[in-house]
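Computed from a predicted structure; not experimentally measured. Below, each value reflects all heavy atoms present in this structure, side chains not excepted, and no hydrogens, waters or symmetry copies. Index from 1, following the sequence.
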Amino acid sequence: MGRALALARVAAEHNDVPVGCVIEVDGEIVGEGENRREFSADPTAHAEVVALRDAAQRLGTWRLAGATAYVTLEPCVMCAGALLSARVARVVIGAMDEKAGAVGSRYNVLNDPRLLHEASITVGVEDDASAELLRAFFADRRG
């Protein structure tokens, strides 16, 4: 989660919401990303999607079975769906997102038995640090 927090800080440096994500397989980081929507003018460039693309490219496969995703903010519906599509086995979350979270706050996409895959979830890892990055980012924007 430490590396995901560092990536979240990078996102803030280029005026994106500070969210970072790391994909790990067998103790090795195979993908990483930070929010890049503003930087890339891409509405799908959330940290999780960027990290999944990086991992898939490095590994040469979209199937990330056995992978763990560490993300500083609870994934939205799009990102939760992408994590499921990639067959990620576990998602470790920093801060929960009461407004748009899709892994327990608003929805629970990762544990919906109607879908083809489910992932285990761990919440609250470095939640204070993750939440503080977000609070500071938005306080700065509000002036």
Side-chain angles (χ1 to χ4, degrees), residues 1-25 27-112 115-143:
M1 189 62 84
R3 179 65 184 145
L5 284 163
L7 290 164
R9 290 183 195 97
V10 170
E13 289 172 8
H14 52 71
N15 295 315
D16 274 288
V17 175
V19 178
C21 181
V22 170
I23 308 294
E24 175 265 330
V25 175
E28 180 183 341
I29 293 175
V30 296
E32 57 182 39
E34 78 275 358
N35 269 358
R36 299 180 65 81
R37 290 186 309 168
E38 299 296 332
F39 184 81
S40 300
D42 178 355
T44 67
H46 289 204
E48 299 92 328
V49 173
V50 173
L52 287 168
R53 287 176 179 155
D54 185 38
Q57 184 175 34
R58 286 189 199 188
L59 297 174
T61 181
W62 61 267
R63 289 179 182 88
L64 303 178
T68 298
Y70 295 86
V71 61
T72 60
L73 181 65
E74 179 184 4
C76 68
V77 172
M78 176 184 71
C79 293
L83 291 161
L84 281 183
S85 292
R87 310 298 193 263
V88 168
R90 180 174 175 228
V91 179
V92 178
I93 301 166
M96 297 300 281
D97 185 352
E98 299 299 324
K99 293 182 181 178
V103 184
S105 292
R106 290 279 175 184
Y107 308 98
N108 199 347
V109 173
L110 295 182
N111 291 129
D112 188 330
L115 300 174
L116 294 175
H117 178 70
E118 293 183 46
S120 67
I121 303 163
T122 303
V123 298
V125 177
E126 295 285 351
D127 56 339
D128 290 339
S130 298
E132 182 52 37
L133 278 173
L134 292 159
R135 274 192 292 274
F137 178 82
F138 288 112
D140 185 53
R141 294 314 169 271
R142 289 186 206 106

Original post:
About how many Å separate CG of L83 and CD1 of I23, when rounded to the nearest 0.5 Å?
Top reply: 6.0 Å
Original post:
So, do I93 and P75 sit near enough that their side-chain heavy atoms are less than 4.5 Å apart?
Top reply: yes
Original post:
If you take all heavy atoms of V50 and G33, which pair is closest and at what distance?
Top reply: CG1-CA, 3.7 Å
Original post:
Considering all heavy atoms of both residues, which atom of S130 and which atom of A95 are nearest to each other, and what is their separation?
Top reply: CB-N, 3.7 Å
**OP:** Mind jotting down which residue pairs meet the ring-ring contact (aromatic ring centres under 6.0 Å, His included) criterion with at least one end in residues 27-46? Sequence neighbours excluded, please.
**Re:** H14-F39
Subject >> Side-chain touch L52/V88, heavy atoms, less than 4.5 angstrom >> reply: yes
Subject >> Which atom of E48 lies closest to which atom of V71, heavy atoms considered >> reply: OE2-CG2, 3.4 Å
**OP:** Mind checking salt bridge (charged side-chain N to carboxylate O under 4.0 Å, His left out) for R36 and listing every partner two or more places apart, or none if nothing turns up?
**Re:** E34
Original post:
Quick one: salt bridge (charged side-chain N to carboxylate O under 4.0 Å, His left out) partners of R58, sequence neighbours excluded?
Top reply: D54
Original post:
In Å and rounded to the nearest 0.5 Å, what is the CG to CD distance from L7 to E32?
Top reply: 5.0 Å
Original post:
What distance separates L84 CG from N111 CG, expressed to the nearest 0.5 Å?
Top reply: 8.5 Å
Original post:
How long is the gap from CD on E118 to CG on D112, to the nearest 0.5 Å?
Top reply: 7.5 Å
**OP:** Only pairs at least two apart or in different chains count here, so list each ring-ring contact (aromatic ring centres under 6.0 Å, His included) that has a residue in residues 61-109.
**Re:** none
Subject >> Nearest atoms (heavy-atom pairs only) where A4 meets V22 >> reply: N-CG2, 3.7 Å
Subject >> Test item: L59 and L64 side chains (from C-beta on) under 4.5 Å apart, heavy atoms >> reply: yes
**OP:** Any side-chain hydrogen bond (donor to acceptor under 3.5 Å, both in side chains) involving residues 72-97? Give me the pairs, sequence neighbours left out, ordered by first then second residue.
**Re:** E74-S105, R90-T122
Original post:
Regarding R142 and the six-membered ring of F138, is the cationic atom NZ or CZ under 6.0 Å from the ring centre and inside 45° of its axis?
Top reply: no
Subject >> Partner set under salt bridge (charged side-chain N to carboxylate O under 4.0 Å, His left out) for E132, not counting sequence neighbours >> reply: R135
Original post:
Does C79 reach the side chain of V49, with side-chain heavy atoms less than 4.5 Å apart?
Top reply: yes
Original post:
Under 3.5 Å, is there a donor-acceptor pair between the side chain of N35 and the main chain of V17?
Top reply: yes
**OP:** Determine the minimum heavy-atom distance between G94 and D127, stating which atoms define it.
**Re:** O-CB, 3.4 Å
**OP:** Mind listing the closest non-hydrogen atom pair of D16 and R37 along with its distance?
**Re:** OD1-N, 3.0 Å
